[in-house]
Amino acid sequence: IQHAETTGTGTGVLGDTKTINTYEQSGTYSLSDRTKPMNGNIETYDAGDQWATGTIVTDSDNNFTSSRQKAAVDAHFYAGVVYDYFKEEHNRNSYDNQGSDIISSVHVRDQNDLSRPWNNAAWVGTQMVYGDGDGSTFTALSASLDVVGHELTHAVTDFSADLVYELEPGALNESFSDVFGLIVEAGYEGSVDWLLGEEVYTPGISGDALRSISNPTQYGQPDHYDDFVVLPNTQQGDWGGVHTNSGIPNKAFYNIANTIGLDKSGQIYYRALTQYLTSQSQFIDARNALLQSAADIYGEDGVEYNAIADGFAAVGIG
Ligand SMILES: CCCCC[C@H](S)C(=O)N[C@@H](Cc1ccccc1)C(=O)N[C@@H](C)C(=O)O
Ligand SMILES: [Ca+2]
Ligand SMILES: [Ca+2]
Ligand SMILES: [Zn+2]
């Protein structure tokens, strides 16, 4: 059978044209990127408005330009960008450092409410899933690189620190996903916006975002440990407010990155996530893990080390 790695074009959710890595088999093209030094591939599926993996997205002419294909084009392309970041910046081969498949599904609906579009995206332990958004709160979430970076970082976390998704460890889990989502986006776009989800949040309102790293309180998150929000450790309570209290370590990251830059911060944060943090790490443990990582890489009591001590002290930690 004839088959080959091919290069196609696609239209993204926001109307942009992207060049994508596809795979041709017997005249049909699919969203399977086999160009990376992985054991698996980067593959993108259409869940058919269910909570499912679905079927791999295919096209007859290698131009993925239909309306239904747009979210898949973005999920596929941005998964490759995030793969490249972890490989090039941290020499990590996919989320598990074993080169495993990176699978994404778009047009996913919430397992608890299949009746309407899903205003979210997630890592479900085996793959990324993206909702279409209802068009008011969100547009299709794969259209934003910081979302894709956020979700794939959850996979990295699961295969390293494995921070439990509740209370302070859960807020750290969320914060590390925001941190690397932001760093990947800044590296790709050439400048940092300190915002999360601005490209997909409230398509009818310009200039807003789901979260701000530089000013968490702008979107209802605390930016100091004194303002930690106690919520029930239940699904309704967002597992103790993991998306709320992530504002505290997010602000610490802003303080640090604003002092020593995103590249050094990324190296320190990656080392802490993969070498020192564990499933029950609390905010103070993250501070200490980041201090140790900075000392390992840049030396005890260096500018980087002190930026971390100061950045966390400013949010009431350490
Ligand atoms: C299974 C359901 C819960 C999963 C929550 C996922 S990990 C998550 O945190 N998703 C991000 C999506 C995102 C990321 C970056 C920028 C914008 C939006 C998230 O923050 N979801 C919000 C809406 C939430 O779940 O409260
Ligand atoms: Ca952003
Ligand atoms: Ca908006
Ligand atoms: Zn998350």
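As the structure lists them, so they are numbered: ligands from 1, and atoms in each ligand from 1.
For Phe253 and Tyr269, the ring centers are positioned less than 6.0 Å apart.
In this structure Thr35 satisfies the side-chain contact (heavy atoms from CB on, under 4.5 Å) test together with Glu5, Asn21, Asp33, sequence neighbours excluded. Among residues two or more places apart in sequence or in another chain, the side chain to side chain donor-acceptor pair (under 3.5 Å) test is passed with Arg287 by none.
Annotation: cation-pi geometry not satisfied between Arg92 and Phe86 (NZ/CZ under 6.0 angstrom from ring centroid, within 45° of ring axis). Both cation-pi conditions hold for Lys18 and Phe77: the charged atom is under 6.0 angstrom from the six-membered ring centre and inside a 45 degree cone around its axis.
No salt bridge links Arg116 with Asp134; every basic N to acidic carboxylate O contact stays at or beyond 4.0 Å. A salt bridge is absent between Asp132 and Arg109; no separation between the charged side-chain nitrogens and carboxylate oxygens falls under 4.0 Å.
Sorted by chain and number, the protein atoms of type N, O or S within less than 2.8 Å of the Zn ion (ligand 4) are His150 NE2, His154 NE2, Glu174 OE2. Protein atoms that are N, O or S and lie under 3.0 Å from the Ca ion (ligand 2) are these: Asp146 OD2, Glu185 OE1, Glu185 OE2, Asp193 OD1, Asp193 OD2, Leu195 O, Glu198 OE1, Glu198 OE2.
For Gly204, every N, O or S atom stays at 3.0 Å or more from the Ca ion (ligand 3). For residue Thr202, an N/O/S atom approaches the Ca ion (ligand 3) to within less than 3.0 Å.
Taking the N/O/S atoms of Asp208 in turn, the shortest distance to the Ca ion (ligand 3) belongs to OD1.
No donor-acceptor contact under 3.5 angstrom links the side chains of Thr65 and Asn63, judged on distance only.
Using modelled atom types, one side-chain atom of Lys251 and one backbone atom of Ser214 make a donor-acceptor pair closer than 3.5 Å.
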Evaluation steps, ring-ring contact (aromatic ring centres under 6.0 Å, His included), between His90 and Tyr85: CA-CA 8 Å; His90 305 293; Tyr85 167 78; 5.0 Å; yes

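Taking each heavy atom of Ser265 and Ala257 in turn, the nearest pair found is OG-CA, 3.3 Å.
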